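Remarks on the structure that follows.
Since the model is a prediction, treat every value here as computed from it, not as a measurement. Just so you know, residue 1 is the first one in the sequence shown, and it goes up from there.
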Amino acid sequence: MTIEHDSTLDTLLELDGTVFVLDPEGIYKVRFRVTRIRPGPEKPHGLDYSLTLHGKNGERIAGFDNAHPVERQKRGEPMDHRHRFRTVRPYEYQDAATLLEDFWVLVDSVLKEEGVLS
């Protein structure tokens with residue numbers, strides 16, 4: 001039995017530390033933080049990640065991560081989730097390609113709402 005190599009996971013990992021400026025004024029930026037970790041109950045896919053869109057004054061306005069409990073839980077295990085403005089919802093991680101696609105769809109949607117994209 002051979003295990004298929006996931007090149008999109010390599011791409012996601014290579015984005016670690018990358019920042020993209022999305023507008024001429026330099027207001028909107030995306031940031032990637034992605035590291036491999038030992039898989040565990042709260043992060044079974046073996047990744048610790050934060051893909052974020054930042055706006056004015058560097059505030060996070062959207063993104064995906066798995067760094068803290070969701071839905072205003074003070075306790076509990078970190079889990080995958082999506083941020084959109086002040087809303088946080090659980091996110092079901094499938095694979096690196098889907099995470100990247102879902103992130104860019106969210107970024108486009110927010111930038112349209114903000115009037116940056118038409």
Side-chain angles (χ1 to χ4, degrees):
M1 179 172 139
T2 59
I3 297 175
E4 195 172 316
H5 180 74
D6 180 2
S7 62
T8 60
L9 178 56
D10 293 339
T11 300
L12 181 62
L13 289 165
E14 288 173 10
L15 286 168
D16 181 46
T18 301
V19 175
F20 293 112
V21 177
L22 303 177
D23 65 306
E25 294 80 22
I27 295 171
Y28 296 92
K29 299 173 183 157
V30 294
R31 295 184 179 134
F32 294 88
R33 186 185 55 75
V34 187
T35 55
R36 232 183 237 275
I37 60 169
R38 172 170 277 144
E42 69 278 357
K43 298 177 185 177
H45 37 67
L47 293 174
D48 185 20
Y49 67 87
S50 175
L51 285 58
T52 54
L53 169 64
H54 298 264
K56 298 173 184 148
N57 302 317
E59 69 186 275
R60 178 185 60 196
I61 55 177
F64 291 87
D65 65 56
N66 60 355
H68 57 82
V70 297
E71 296 182 350
R72 304 202 193 307
Q73 297 177 26
K74 301 260 186 215
R75 298 177 188 201
E77 296 297 326
M79 63 186 306
D80 300 272
H81 53 278
R82 181 188 85 153
H83 295 262
R84 183 180 174 95
F85 301 105
R86 297 185 189 274
T87 303
V88 180
R89 300 263 190 256
Y91 174 74
E92 187 174 332
Y93 178 90
Q94 296 174 28
D95 55 41
T98 304
L99 175 63
L100 284 167
E101 181 180 355
D102 291 346
F103 175 64
W104 286 113
V105 166
L106 176 63
V107 167
D108 283 350
S109 173
V110 169
L111 291 179
K112 285 177 183 170
E113 279 185 47
E114 294 285 298
V116 178
L117 296 178
S118 52

pair Asn66-Tyr93: side-chain heavy atoms closer than 4.5 Å:
no

Here the gap from Asp80 atom CG to Lys43 atom NZ, rounded to the nearest 0.5 Å, amounts to 8.5 Å

Following the transitive rule for hydrophobic clusters with a side-chain heavy-atom cut-off under 4.5 Å over Ile, Leu, Val, Met, Phe, Trp and Tyr, establish whether Ile37 and Leu51 coincide in one cluster.
no

side-chain hydrogen bond (donor to acceptor under 3.5 Å, both in side chains) partners for Thr8, two or more places apart:
Asp6

Gap separating the CZ atom of Arg36 from the CG atom of Leu9, nearest 0.5 angstrom
4.5 Å

With distance as the sole test, does Asn57 use its side chain to make a donor-acceptor pair with the main-chain N or O of Glu59 at under 3.5 Å?
no

Take Ile61 and His54 through the test side-chain contact (heavy atoms from CB on, under 4.5 Å) and record every step on the way to the result.
CA-CA 6 Å; Ile61 55 177; His54 298 264; 6.0 Å; no

If the plane angle is over 60° it's perpendicular, under 30° parallel, otherwise tilted; pick one for His45 and Tyr49.
tilted

Measure across Pro39 and Pro44 and return the closest heavy-atom pair with its distance rounded to 0.1 Å.
CB-O, 3.5 Å

Could you tell me whether the side chain of Asp48 reaches within less than 4.5 Å of the side chain of Arg33, counting heavy atoms only?
yes

For residues 101-110, which side-chain N or O atoms pair as donor and acceptor with protein atoms under 3.5 Å away, sequence neighbours left out?
unit_1: Asp102; atom_1: OD2; unit_2: Tyr91; atom_2: OH; d: 2.6
unit_1: Ser109; atom_1: OG; unit_2: Arg84; atom_2: NH1; d: 3.2
unit_1: Ser109; atom_1: OG; unit_2: Arg84; atom_2: NH2; d: 3.1

Acceptor/donor pairs from residues 12-23 side chains to any protein atom, 3.5 angstrom cut, sequence neighbours excluded:
unit_1: Asp16; atom_1: OD1; unit_2: Val34; atom_2: N; d: 2.9
unit_1: Thr18; atom_1: OG1; unit_2: Leu15; atom_2: O; d: 2.9
unit_1: Asp23; atom_1: OD1; unit_2: Ile27; atom_2: N; d: 3.0
unit_1: Asp23; atom_1: OD1; unit_2: Tyr28; atom_2: N; d: 2.7
unit_1: Asp23; atom_1: OD2; unit_2: Ile27; atom_2: N; d: 3.3

